S.K.: 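Here's a structure for you.
Note that the structure is a prediction, hence the values are computed from the model and not measured. Quick note on labels: first sequence line is chain A, next is B, and so on, each numbered from 1. Basis for what follows: all heavy atoms, side chains included, without hydrogens, waters or symmetry-related copies.
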There are 2 protein chains.
Amino acid sequence: MAQVRPMRADARRNRERLLAAAVEAFAAQGEGASLDDIAKRAGVGAGTLYRHFPTRRALLEAVYSDRIEAIAERAGVLAERLPAGAALVAWLGELGLGMIQTRGLRALLSSSVRGGEDAGPGAGGSSSDCCDPLRRAVARLVRAAQEAGELRRDVGETDVLRLVHGVAIACGEAVGGGSAGDARDAGNAGDAGDAEGAEDAGERLRRYVGLLMEGLGPRGSR
Amino acid sequence: MAQVRPMRADARRNRERLLAAAVEAFAAQGEGASLDDIAKRAGVGAGTLYRHFPTRRALLEAVYSDRIEAIAERAGVLAERLPAGAALVAWLGELGLGMIQTRGLRALLSSSVRGGEDAGPGAGGSSSDCCDPLRRAVARLVRAAQEAGELRRDVGETDVLRLVHGVAIACGEAVGGGSAGDARDAGNAGDAGDAEGAEDAGERLRRYVGLLMEGLGPRGSR
DNA sequence: ACCTGAACACCGTTCAAGT
DNA sequence: ACCTGAACACCGTTCAAGT
């Protein structure tokens with residue numbers, strides 16, 4: 001899985017510089033940040049960026065995969081400490097909060113959640129996806145909650161993922177109509193005011209996830 | 001409100017050509033369609049497009065305002081024919097379907113629903129908004145449903161609008177991570193396959209709105 | 001094996017020159 | 001009063017030439 005041969009020293013260094021520049025750029029300008037700019041800030045040629053990360057998505061994945069895995073691992077912790085239903089709610093809250101705070105994360109889950117029916121991790125065309133850890137995590141939590149009778153049985157992992165994704169977008173500040181050219185406008189709002197806006201959005205998220213979970217509760221009860 | 005002086009004949013004609021070209025382009029390429037291309041297809045210079053529609057959003061509004069008003073008016077019809085709660089559900093379904101079928105509509109509501117707390121129509125900075133008719137429509141339906149005891153009282157119009165927006169995004173095919181450059185990619189999917197995808201998405205929407213409304217039901221009942 | 005940076009095709013936006 | 005289209009600044013992507 002990892003590269004068979006270690007990278008040449010300069011390549012490895014360039015890769016890291018690119019990643020560092022990308023982290024900053026995505027945080028400041030959003031997931032649409034100029035790739036050319038990232039290459040320049042990293043002090044490498046444009047071609048070098050494409051050699052390491054052939055698509056914007058590849059770069060996004062490289063930047064956020066750690067974060068995604070960290071969120072996925074929280075599922076296990078919460079499952080140990082809370083009853084199944086509460087664990088699911090708590091985890092969805094954390095996932096939603098991550099998506100609100102980090103535009104790149106939202107973008108990644110957006111494109112991962114598009115179309116298709118429920119399918120096992122990595123299925124849907126065998127195309128491996130950096131969001132698979134999230135899929136596996138939610139699948140475990142959902143199954144446990146259903147077996148505990150705290151979640152209706154006619155919803156699947158993908159339903160839950162899609163709904164939280166939608167709810168996060170419904171809460172978010174710089175909500176992503178974001179077509180070409182939005183990145184520059186959003187730049188200002190990205191630097192300052194994020195803390196304030198994210199706070200409000202975080203409260204909303206909690207409320208909305210709560211509402212959603214009442215709807216997802218076992219039929220007839222309550 | 002309407003222009004004081006009638007437009008010169010050629011201006012009027014150009015405006016209409018631009019609108020016609022924009023309708024086609026937005027339908028085919030999504031809300032990120034090239035403005036330059038729209039001007040070319042309309043057979044006018046780029047400057048003429050900017051004279052009539054200074055921003056992309058202005059063009060989007062001009063293209064979809066009729067559609068938005070039509071959806072808003074459906075609220076009155078449904079309110080007459082159905083009990084308050086059912087009317088709200090039905091209307092939200094229609095709104096969501098519109099957003100699923102029409103990317104431009106989704107983009108418009110996206111940027112209208114961003115940030116801010118509940119506020120009356122047109123409020124939130126006096127900036128008039130083409131989605132105000134939707135706000136007024138949902139406000140009436142929400143109030144009626146609350147007075148009929150069929151909707152919890154701790155949710156506002158904006159909450160409901162945001163949630164439906166989020167749910168529509170959760171359902172949609174070409175779900176809008178859509179940052180710079182996506183327009184061209186989405187072009188293929190925009191032409192064919194939309195009918196098929198929209199059907200699935202429509203079914204999902206109905207399910208999700210249903211789930212949501214169970215969560216939004218009056219507290220404690222059911 | 002990897003890097004550089006010029007080159008190409010595109011897009012949004014403005015503005016002098018036209019009618 | 002309105003239109004045209006060249007001009008400018010940007011961006012993504014590729015690729016020949018370097019080391």
S.K.: Report the residues that fulfil side-chain hydrogen bond (donor to acceptor under 3.5 Å, both in side chains) with A:Tyr64, sequence neighbours left out, ordered by chain and then residue number.
M.R.: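 Not a single residue meets the side-chain hydrogen bond (donor to acceptor under 3.5 Å, both in side chains) criterion with A:Tyr64.
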
S.K.: Checking side-chain contact (heavy atoms from CB on, under 4.5 Å) between B:Phe53 and each of B:Val63, B:Leu60, B:Leu59, which is the one that passes?
M.R.: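 Testing B:Phe53 for a side-chain contact (heavy atoms from CB on, under 4.5 Å) against B:Val63, B:Leu60, B:Leu59 leaves exactly one candidate, B:Leu59.
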
S.K.: Mind checking side-chain contact (heavy atoms from CB on, under 4.5 Å) for A:Ala79 and listing every partner two or more places apart, or none if nothing turns up?
M.R.: A:Leu141

S.K.: Among D:dG12, C:dT14, C:dG12, find the nucleotide with the atom closest to the side chain of A:Ser34.
M.R.: D:dG12

S.K.: Name every residue in residues 35-42 of chain A that has at least one heavy atom under 4.0 Å from any atom of DNA chain D, in order of residue number, or write none if there are no such residues.
M.R.: A:Leu35, A:Asp36

S.K.: State which residues pass side-chain contact (heavy atoms from CB on, under 4.5 Å) with B:Thr48; sequence neighbours excluded, sorted by chain then number.
M.R.: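 Here the qualifying residues are B:Asn14, B:Leu18, B:Val44, B:His52.
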
S.K.: Among D:dC3, C:dC3, C:dT14, which is the nearest nucleotide to the side chain of A:His52?
M.R.: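 Selected nucleotide: C:dC3.
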
S.K.: Taking the side chain of A:Asp10 as heavy atoms from C-beta outward, which of C:dC2, D:dT14, C:dG12 is closest to it?
M.R.: C:dC2

S.K.: Can you work out whether B:Thr55 or B:Arg8 has the more 5'-proximal nearest nucleotide on DNA chain C?
M.R.: B:Thr55

S.K.: In whole angstroms, how far is the P atom of D:dT13 from the CZ atom of A:Phe53?
M.R.: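 Roughly 15 Å, once rounded to whole Å.
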
S.K.: Rounded to whole angstrom units, what separation is found between the OH atom of A:Tyr50 and the C1' atom of C:dC8?
M.R.: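 Atom-to-atom, A:Tyr50 to C:dC8, this comes out as 13 Å.
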
S.K.: What integer distance in Å separates A:Leu49:CG from D:dC11:P?
M.R.: 13 Å

S.K.: Quickly work out the A:Glu31 CD to D:dG12 P distance and round it to whole Å.
M.R.: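 One finds 13 Å between P of D:dG12 and CD of A:Glu31, rounded.
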
S.K.: Could you work out, with salt bridge (Lys or Arg N to Asp or Glu O under 4.0 Å) as the rule, every residue matching A:Arg140, not counting sequence neighbours?
M.R.: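 Scan of A:Arg140 (salt bridge (Lys or Arg N to Asp or Glu O under 4.0 Å), adjacent residues dropped) gives none.
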
S.K.: Name all residues meeting the side-chain contact (heavy atoms from CB on, under 4.5 Å) criterion together with B:Ala46; count only those two or more places apart in sequence or in a different chain, and write none if there are none.
M.R.: B:Asp36

S.K.: Starting at the 5' end of DNA chain D, write a dot or bracket for each base, bracketing those in Watson-Crick or G-U wobble pairs whose two distances are under 3.5 Å and using | for partners on another strand.
M.R.: ||.|||||...|||||.||

S.K.: Counting only heavy atoms and a strict 4.0 angstrom limit, can you tell me which residues of residues 17-25 of chain A come near DNA chain C?
M.R.: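 DNA chain C contact set from residues 17-25 of chain A: none.
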
S.K.: Just jot down the side-chain contact (heavy atoms from CB on, under 4.5 Å) partners of A:Arg13, sequence neighbours excluded, or say none.
M.R.: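 For A:Arg13, the residues satisfying side-chain contact (heavy atoms from CB on, under 4.5 Å) (neighbours in sequence not counted) are A:Asp10, A:Arg17.
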
S.K.: Test: salt bridge (charged side-chain N to carboxylate O under 4.0 Å, His left out). Region: residues 58-71 of chain A. Which pairs qualify, not counting sequence neighbours?
M.R.: A:Arg57-A:Glu61

S.K.: Give me each pair satisfying side chain to side chain donor-acceptor pair (under 3.5 Å) with a member in residues 70-79 of chain A, each pair once, sequence neighbours excluded.
M.R.: A:Arg74-A:Glu94

S.K.: Return the nearest nucleotide to the side chain of B:Thr48; candidates are C:dT13, D:dC3, C:dC3.
M.R.: D:dC3

S.K.: State which of C:dC3, D:dG12, D:dC3 makes the closest approach to the side chain of A:Arg51.
M.R.: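 It is C:dC3.
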
S.K.: Only counting residues at least two apart or in another chain, list the ones meeting salt bridge (Lys or Arg N to Asp or Glu O under 4.0 Å) with A:Glu24.
M.R.: none

